Amino acid sequence: MVKKIALFSLTLLLIGALVGCKDGIKAVIKEKEPEVVRDYAVNSDNIVMNKSGNTIYIANIDVNTVTVVDSQTKKVKAEIRVGKSPVQLTLSPDEDILYVSCRYDDKIDIISIEKEKVVESIDVGIEPYGVVTSQDGKKLYVANYRSSTISIIDVTNKKVESEMKVDDRPRTLAMTADGHKLYVPHYLEAKVSVINTETEEISKVISLADSPNNNDRKKSQGVPNTLEQFVIDPDGKKAWIPHLLTNIDTPVHFQETIFPAVSVIDLTTDEELIDERKELFEEINVTDKKNDTIITSNPYDVVFHPNGSKAYVVMSGSEDLVVFDLNRGGNATQILRRIEGNNPRGAVISQDGESIYVHNVMSHDLAEISSGGEGPYARAKMKGENLALISKDSLSPLVREGKTIFYSANSEEFPTEITGNNWISCTSCHADGEINGRTLMTSKGPRDVPSNVLTTKTGLFMWDGSRDDFNDYLLTVQGEMGGMMELDPSKPLPKEVEHMYDAMFAYLDDPNSFPIPKSPYRNKDGSLTVTAAEGKELFEGKAACITCHAGTQFTDSVKAVDKNGYLTTSNIDFLHDIDTTNPLDKASKGDARAGFTNGRDTRHFDVPTLRGVWATAPYFHDGSAKTIEEVIKRIQYEGKPELTESEIFKLAEYVRSIK
């Protein structure tokens, strides 16, 4: 009997051991589930949808949150606090993790989809923008806008394992379906670096072609810039890049300077298909009831119908959706005028291609558009009411209004046509509120597009210091762009128009609107390098740069005041002749708005701030200097000291480090 009991007990133990072992095996199997390898192309964006299409993730760019939306119920599931200025995001292949680039915190926030919160952050380069994972999810690629590098991160240990140097201002990112190529558009240079992900080397750089001059100035032409996205089509053979064309050799005018365009890249050869570029009045030529071409502006994002039959391009400035029929020549066949909401910049499309969800960045809401289907006569149209994405706006109502005006080219939205019949927004030239790297022809001669960083803090406005009040930009819009012509420039602005200018000034004056770009020329701890420190001594000593580039703003323009201490264009003591006049410059007798007290010659110019100047090339009023070294060498004035090549380099290194 004892033996039977012992045997029975042993049997139970064996069964228990086997069961435990079996459970242990299950646990191991669970830990080592097969890796999810993505088999479709992805691109970084401010809005992404999961593969099943039931959840949408949106980066609320200036509210510092990410919103999670249930696309089936049309409700917000969560609003997650993240770092400063979340600009783009991407999902891991298994869709357990959402990576968010926090531009002004210089980090990537990692959001757990299950926990709906940030669980970790990774420090990267200066102003991270685009972000995508490898197809197996083991690596994370980050485009650092100011550092001009690509951070390659080991996802397992959350460490940057290497940094690749690339051309200036890498913006968004796109990964091919096979994971072999990473595409890196460069925002202002109109280039795309092609990175071989296996060797982690640049295999090619694609340069977008200029659009040749056209006898009709109102038809598309110019130099490409502001590459906003790189979106690969469903079959993986082509990619579309929405961008602008800037006409730099004709006088600035609403209808003759900036044109919308979408370039097409052949991904098998990595070359631009120039004949397939979509341009205004050619491939983008949809007319209204009066048979006039509908003008659109600021193309920003692209989505393709899942079967590749159509492409939908979001126009952020004019706030439209342009539909291209790829089965019928690839031209635009419809323009859905006015997406509900302000400043649409991102879009995703449902699996069946029936619904397009559009992210409105300024009104912080989600619009739904019915595509109408894939048929040749289908018409896209708005569907239902927009979904609010945020619980509270981070900006004051006046600043938000000013920012909305700055980014808008919607001519129907404001008291006056500050945008010129939907042609351009402020950001069409002042990309990201800063520069577009182009020099434009004006009535006074060639003028480099200046940055708006610190523009309200640095004294007189304009290169020749001919404005002392922001409201005087009415003259710029009238004289250089041909807009707001119904207003008498010698009289005060109507109250509703003055309010527009007050709102824009509030936006420009807000210290959070345009942070001074951090310099990549400093040490990692933010201190000056040895070379820059020696340059600082030269700046304040032998070179005497501090004579004009003085004070906290590194300019003496703030001293151009009257006897009561107010800025005035009549005080020309702080306009300087440093021998940079251009043969095309023309003198001005001033204007009626200033009582003709602001006349200007062709030699004297306002002193620009040097804070963040490293990021504002080209230099001088006419954009004729490409580097800081060239600026130092070309400046000529009485008593200028002789500087050695070594001293010039040190001085330039310090100037590039000024923050």
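Remember, it's a predicted structure, so these values are computed and weren't measured experimentally.
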May I have the step-by-step check of side chain to side chain donor-acceptor pair (under 3.5 Å) for Ser309 and Glu374, ending in yes or no?
-> CA-CA 7 Å; Ser309 61; Glu374 60 184 283; 4.8 Å; no

Just how far is it from atom NZ of Lys237 to atom CD1 of Ile232, taken to the nearest 0.5 Å?
-> 14.0 Å

State the NZ-CG distance between Lys117 and Asp109, to the nearest 0.5 angstrom.
-> 13.0 Å

Side-chain H-bond candidate by donor/acceptor type, Asn342 with Thr404, under 3.5 Å | no

Modelled atom types, side-chain donor and acceptor of Thr419 and Ser411, under 3.5 Å | yes

Quick check: are there more than 12 heavy atoms from other residues, nucleotides or ligands sitting under 6.0 Å from CD of Glu413?
-> yes

Between Arg337 and Asp288, is a salt bridge (charged side-chain N to carboxylate O under 4.0 Å, His left out) present by the stated rule, with each step listed?
-> CA-CA 10 Å; Arg337 200 58 155 166; Asp288 59 18; over 6 Å; no

Do side-chain atoms of Asn436 reach the backbone of Arg438 as a donor and acceptor pair under 3.5 angstrom?
-> yes

Kindly say whether Ile97 contributes a backbone atom to a donor-acceptor pair with the side chain of Ser92 at under 3.5 angstrom?
-> yes

Close side-chain approach of Ile258 and Cys429, heavy atoms under 4.5 Å | yes

Could you tell me whether the side chains of Thr172 and Asn43 share a donor-acceptor contact shorter than 3.5 Å?
-> no

Over all heavy atoms of both residues, which pair between His243 and Ser263 is shortest? Give the atoms and the distance, please.
-> NE2-OG, 2.7 Å

Is any side-chain heavy atom of Val231 closer than 4.5 Å to a side-chain heavy atom of Phe304?
-> yes

Does Arg171 make a cation-pi contact with Tyr187 (under 6.0 Å, within 45 degrees of the axis)?
-> yes

Knowing that exactly one of Phe230, Phe324, Tyr183, Tyr312 qualifies, which makes a ring pair (Phe, Tyr, Trp, His ring centres under 6.0 Å) with Trp240?
-> Phe324

With side chain to side chain donor-acceptor pair (under 3.5 Å) as the test, would you mind laying out the steps for Ser408 and Asn410 before giving the verdict?
-> CA-CA 6 Å; Ser408 177; Asn410 184 337; 5.3 Å; no

Between Thr67 and Leu389, is there a donor-acceptor pair closer than 3.5 Å when you use the side chain of the first and the backbone of the second?
-> yes

Heavy-atom side-chain contact between Leu245 and Arg277 under 4.5 Å = yes

Answer whether the closest heavy-atom distance between the side chains of His430 and Pro450 falls below 4.5 Å.
-> yes

When every non-hydrogen atom of Asp325 is compared with those of Thr333, the smallest separation belongs to CB-CG2, 3.7 Å

Quick one: CG on Asp96 to CD1 on Ile111, what's the gap to the nearest 0.5 Å?
-> 13.5 Å

Quick one: which of Arg103, Arg146, Arg169 gives a salt bridge (charged side-chain N to carboxylate O under 4.0 Å, His left out) with Asp432?
-> Arg103

Smallest heavy-atom separation, Gly437 atom then Leu188 atom, equals N-CD1, 4.1 Å

Under 3.5 Å side-chain donor-acceptor pair for Glu354 and Ser371 = no

Give me the ring orientation class for Trp423 and Phe259: parallel if the planes are under 30° apart, tilted from 30 to 60°, perpendicular past 60°.
-> perpendicular

Residues, nucleotides or ligands: over 12 heavy atoms within 6.0 Å of Gln72 CD | yes

For Lys74, does the NZ atom have more than 12 heavy-atom neighbours from other residues, nucleotides or ligands under 6.0 Å away?
-> yes

Flag the pair Leu173 / Val184 as yes when at least one side-chain heavy-atom distance between them is below 4.5 Å, and no otherwise.
-> yes

Is the backbone of Gly384 close enough, under 3.5 Å, to the side chain of Glu368 for a donor and an acceptor to pair up by distance?
-> no

Looking at side-chain heavy atoms only, is the closest gap between Thr197 and Tyr141 below 4.5 Å?
-> yes

Can you check whether Arg338's main-chain N or O pairs, donor with acceptor, with Asp320's side chain at less than 3.5 Å?
-> yes

Could you tell me whether the side chain of Pro344 reaches within less than 4.5 Å of the side chain of Glu319, counting heavy atoms only?
-> yes

What is the distance from atom CG of Asn327 to atom NZ of Lys310, rounded to the nearest 0.5 Å?
-> 9.0 Å

Take Lys204 and Glu271 through the test salt bridge (charged side-chain N to carboxylate O under 4.0 Å, His left out) and record every step on the way to the result.
-> CA-CA 10 Å; Lys204 189 171 186 177; Glu271 293 180 354; 3.8 Å; yes

Quick one: does Asp106's side chain get under 4.5 Å of Lys518's, heavy atoms only?
-> yes

So Lys181 and Asp270, salt bridge (charged side-chain N to carboxylate O under 4.0 Å, His left out) or not? Walk me through it.
-> CA-CA 10 Å; Lys181 290 191 288 189; Asp270 286 330; 3.2 Å; yes

Let me know which of Asp45, Val313, Val262, Val314 forms a side chain to side chain contact (heavy atoms under 4.5 Å, CB included) with Gln229.
-> Asp45

Closest approach of Ser151 to Val124 (non-hydrogen atoms, all atoms of both residues) = OG-CB, 3.9 Å

What do you reckon, is NZ of Lys75 surrounded by more than 12 foreign heavy atoms closer than 6.0 Å?
-> no

Report yes or no: does Ser318 contribute a side-chain atom to a donor-acceptor pair with the main-chain N or O of Ser297 at less than 3.5 Å?
-> yes

Distance only, no hydrogens: is a donor on one side chain within 3.5 Å (strictly under) of an acceptor on the other, for His186 and Asp167?
-> no

Output yes when a side-chain donor or acceptor of Gln135 lies under 3.5 Å from a complementary backbone atom of Thr176, and no otherwise.
-> yes

Would you tell me whether Glu282 and Ser220 have side-chain atoms, one donor and one acceptor, within less than 3.5 Å of each other?
-> no

Give the intermediate values and the outcome of side chain to side chain donor-acceptor pair (under 3.5 Å) for residues Asn285 and Thr293.
-> CA-CA 6 Å; Asn285 191 10; Thr293 295; 2.7 Å; yes

Between OG1 on residue Thr149 and CE on residue Met164, distance to nearest 0.5 Å | 10.0 Å

Distance-minimising heavy-atom pair for Tyr300 and Ser316 = CD1-OG, 3.7 Å

Return yes if some donor-acceptor pair links the side-chain N/O of Asp393 with the main-chain N/O of Pro397 below 3.5 Å, else return no.
-> no

Working to the nearest 0.5 Å, report the span between CG of Leu508 and OG of Ser513.
-> 7.0 Å

Do Glu95 and Lys51 pass the salt bridge (charged side-chain N to carboxylate O under 4.0 Å, His left out) test, and can you show the C-alpha distance, the side-chain angles, and the key distance before you say yes or no?
-> CA-CA 8 Å; Glu95 300 188 342; Lys51 190 173 182 182; over 6 Å; no

Shortest non-hydrogen contact from Ala506 toward Val399 | O-CG2, 3.8 Å

